[in-house]
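When a ligand or atom number is given, it counts from 1 through the structure's own listing order.
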Amino acid sequence: MKLTTAGESHGKTLVGIIEGLPSNLPIDIDFVNNCLALRQSGYGRGGRQKIESDKIEILSGVRNRLTLGSPLAFQIVNRDYANWQPYMAPEGADVSQKRLTKVRPGHADLTGVIKYDQTDARNILERASARETAVRVAAGAIAMCYLRELGVQISGYVKCVCGVEDKAFYPFERLSEAKEQPLFMLDGELQKKAMQLIDELRVAGDTAGGIVEIRVKGLKSGFGSCMQYTTKLDSILCGALMSVQAIKGVEVGMGFGVAYKPGSLVHDEIYLKDGAYVRTTNNAGGIEGGMSNGGEIVLRAAMKPIPTLMKGLNTVDISTGQPAKAASERSDVAAICACEIVAECVTATALAEVVSARLGGDNLREVKERYSRLP
Ligand code: EPS
């Protein structure tokens, strides 16, 4: 399975192509659209989400809600394009307008302008924008349709918003409650505090990041490999999370905590109970030697604060070489809820790639038979 994405933030449309899905996989379009709506939700979003109402439009590869085994192409139309067509249209546009030269620290603007030999950071930010994650959510929701046929579930929640951190560990079954909360947090008091903080940051023209925790339940052992570095499951899943705009740190299980404890308090000891290997801890986060070990996979990703600040950070105007305040028209104060659902979805896509690489299978029946035969 393989995903390719295309599309600019204020261009006509966002596009995805998924290759390698087996035939006869039911595609739950309402579920995909629900994931897209979750990506647009959450406390702290800005004005753009009032314009967009993201919906998947499947263009090929599906007939009567079942995959055909052919490439699945889809689009998510940018409603804002109606306002941007004069400045963005491929067939001719007024590029003297909507220029961005007061490049934003923390964004792709400056490095992109230099690398792609541009004088307008618009030509960089349009693609670097986190709007691209809409495609990755739709594709990830489709990957979840595939994984759930095998009994594999993915869920998550927001663990921290700009330092307001929930240190509890919740059972998998409770995680779905988070989606009903304004900040996808599970501790009501901490959530209230985080919302207050977002309000204060909005007034101050500032932004917030946070931490999301993603968990995978029901995956059998042996996915990934210890035989070649490129096929290690932890590196693949962490790479997928790091590919999300604004993610600056990722950890598995105890993560950075392993550096603070002796081995006897880190490694999950093994027992044999009623003929099955069991552990009483899961500090490894479900991955040992680059392979799933049958335990719950536990991943955490840290999102930096959004680099577009209404108050503007110090920068240089690349058209004049003069000091300036960085550009801002509108901005999310926090997009941590979006980040949470995006992180679930990119985990699903990466995992579906690993699973389908091991199982192969042209049709869903074959895939399910092969999975059921695994220990
Ligand atoms: C986004 C749409 C964008 C931004 C955000 C993500 O809308 P606009 O640029 O029109 O305000 O809100 O983009 C970024 C965070 C970024 O870094 O560019 C979306 O749909 O998620």
Side-chain angles (χ1 to χ4, degrees), residues 5-16 33 35-56 75-88 97-100 102-113 120-141 162 184 198 201-202 205-210 212 242-248 301-310 312-313 315 326-346:
T5 77
E8 278 75 41
S9 180
H10 303 97
K12 192 178 282 188
T13 192
L14 303 168
V15 179
N33 283 331
C35 289
L36 286 169
L38 285 173
R39 197 199 72 91
Q40 292 194 268
S41 72
Y43 200 72
R45 295 311 301 272
R48 179 71 184 273
Q49 304 314 321
K50 293 189 182 78
I51 299 171
E52 303 298 341
S53 166
D54 294 337
K55 296 259 171 343
I56 190 171
Q75 68 172 350
I76 299 161
V77 169
N78 286 324
R79 290 173 70 176
D80 208 12
Y81 183 63
N83 306 315
W84 283 77
Q85 187 167 6
Y87 321 108
M88 289 298 293
Q97 303 293 309
K98 303 283 185 192
R99 283 174 63 78
L100 193 145
K102 294 167 182 159
V103 290
R104 294 162 294 173
H107 215 289
D109 299 348
L110 179 59
T111 308
V113 158
D120 179 2
R122 169 77 42 210
N123 290 345
I124 304 305
L125 73 92
E126 283 293 335
R127 181 65 184 150
S129 167
R131 175 110 192 104
E132 185 258 356
T133 58
V135 178
R136 287 204 273 166
V137 165
C162 199
F184 292 7
I198 288 173
L201 291 168
R202 188 188 299 280
D206 216 327
T207 56
V212 298
M242 281 303 291
S243 78
V244 176
Q245 289 83 340
I247 298 299
K248 293 302 263 184
M303 179 193 201
K304 70 184 178 187
I306 285 161
T308 311
L309 273 67
M310 291 312 288
L313 295 171
T315 188
S328 58
E329 271 171 34
R330 62 185 176 204
S331 174
D332 301 313
V333 179
I336 192 69
C337 293
C339 178
E340 194 284 325
I341 188 74
V342 172
E344 277 187 39
C345 287
V346 300

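- Distances below 4.0 Å separate heavy atoms of Arg330 from the following atoms of ligand 1: 8 (P), 10 (O), 11 (O).
- In this structure, the side chain of Asp332 does not engage the main chain of Ile306 through any donor-acceptor pair within 3.5 Å.
- Every heavy atom of Gln40 sits 4.0 Å or more from the atoms of ligand 1.
- By the 4.0 Å N-to-carboxylate-O rule, Asp80 lies close enough to Arg330 to be salt-bridged with it.
- The shortest heavy-atom distance from His107 to ligand 1 is under 4.0 Å.
- In this structure, a donor-acceptor pair under 3.5 Å is absent between the side chains of Glu52 and Gln40.
- For atom 4 (C) of ligand 1, the closest non-hydrogen atom of the protein is Asp332 OD2, 4.2 Å.
- On a distance-only criterion, Asp80 and ligand 1 share no N/O pair closer than 3.5 Å.
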Margin query: What verdict does the side-chain hydrogen bond (donor to acceptor under 3.5 Å, both in side chains) test give for Thr133 and Arg39, after you've listed the backbone C-alpha separation in whole Å, the side-chain angles of each residue and the deciding distance to 0.1 Å?
Written below: CA-CA 9 Å; Thr133 58; Arg39 197 199 72 91; 2.8 Å; yes

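- The CG atom of Leu201 lies 9.0 Å from the CG atom of Leu309; values are rounded to the nearest 0.5 Å.
- Under a 3.5 Å cut-off, the side chain of Asn78 and the backbone N or O of Ser9 do form a donor-acceptor pair.
- The closest approach between Glu329 and ligand 1 stays at or above 4.0 Å for every heavy atom of the residue.
- Of the charged side-chain nitrogens involved, at least one lies within less than 4.0 Å of a carboxylate oxygen, so that Asp54 and Arg131 count as a salt-bridged pair.
- A side-chain donor-acceptor contact under 3.5 Å links Arg127 to the backbone of Gly7.
- By heavy-atom distance, the residue among Glu132, Gln245, Arg131, Glu126 lying nearest atom 6 (C) of ligand 1 is Arg131.
- For ligand 1, one of its N or O atoms has an N or O atom of Arg39 under 3.5 Å away.
- In this structure, Ser129 contributes its side chain and Glu126 its backbone to no donor-acceptor pair below 3.5 Å.
- For atom 15 (C) of ligand 1, the closest non-hydrogen atom on the protein side is Ala130 CB, 3.9 Å.
- Below 4.0 Å from some heavy atom of His10 lie the following atoms of ligand 1, by number and element: 8 (P), 9 (O), 10 (O).
- Under a 4.0 angstrom heavy-atom cut-off, Leu125 registers as lying outside contact with ligand 1.
- Within a 6.0 Å radius of NZ in Lys12, other residues, nucleotides and ligands contribute 12 heavy atoms or fewer.
- Of all atoms in ligand 1, listed by their number and element, those nearer than 4.0 Å to a heavy atom of Arg45 are 19 (C), 21 (O).
- Protein heavy atom nearest atom 2 (C) of ligand 1, with residue, atom name and distance: Arg48 CG, 3.8 Å.
- Nearest to atom 13 (O) of ligand 1 among the protein's heavy atoms is Ser129 OG, 3.2 Å.
- Ranking protein heavy atoms by distance to atom 19 (C) of ligand 1, first place goes to Gln49 NE2, 3.3 Å.
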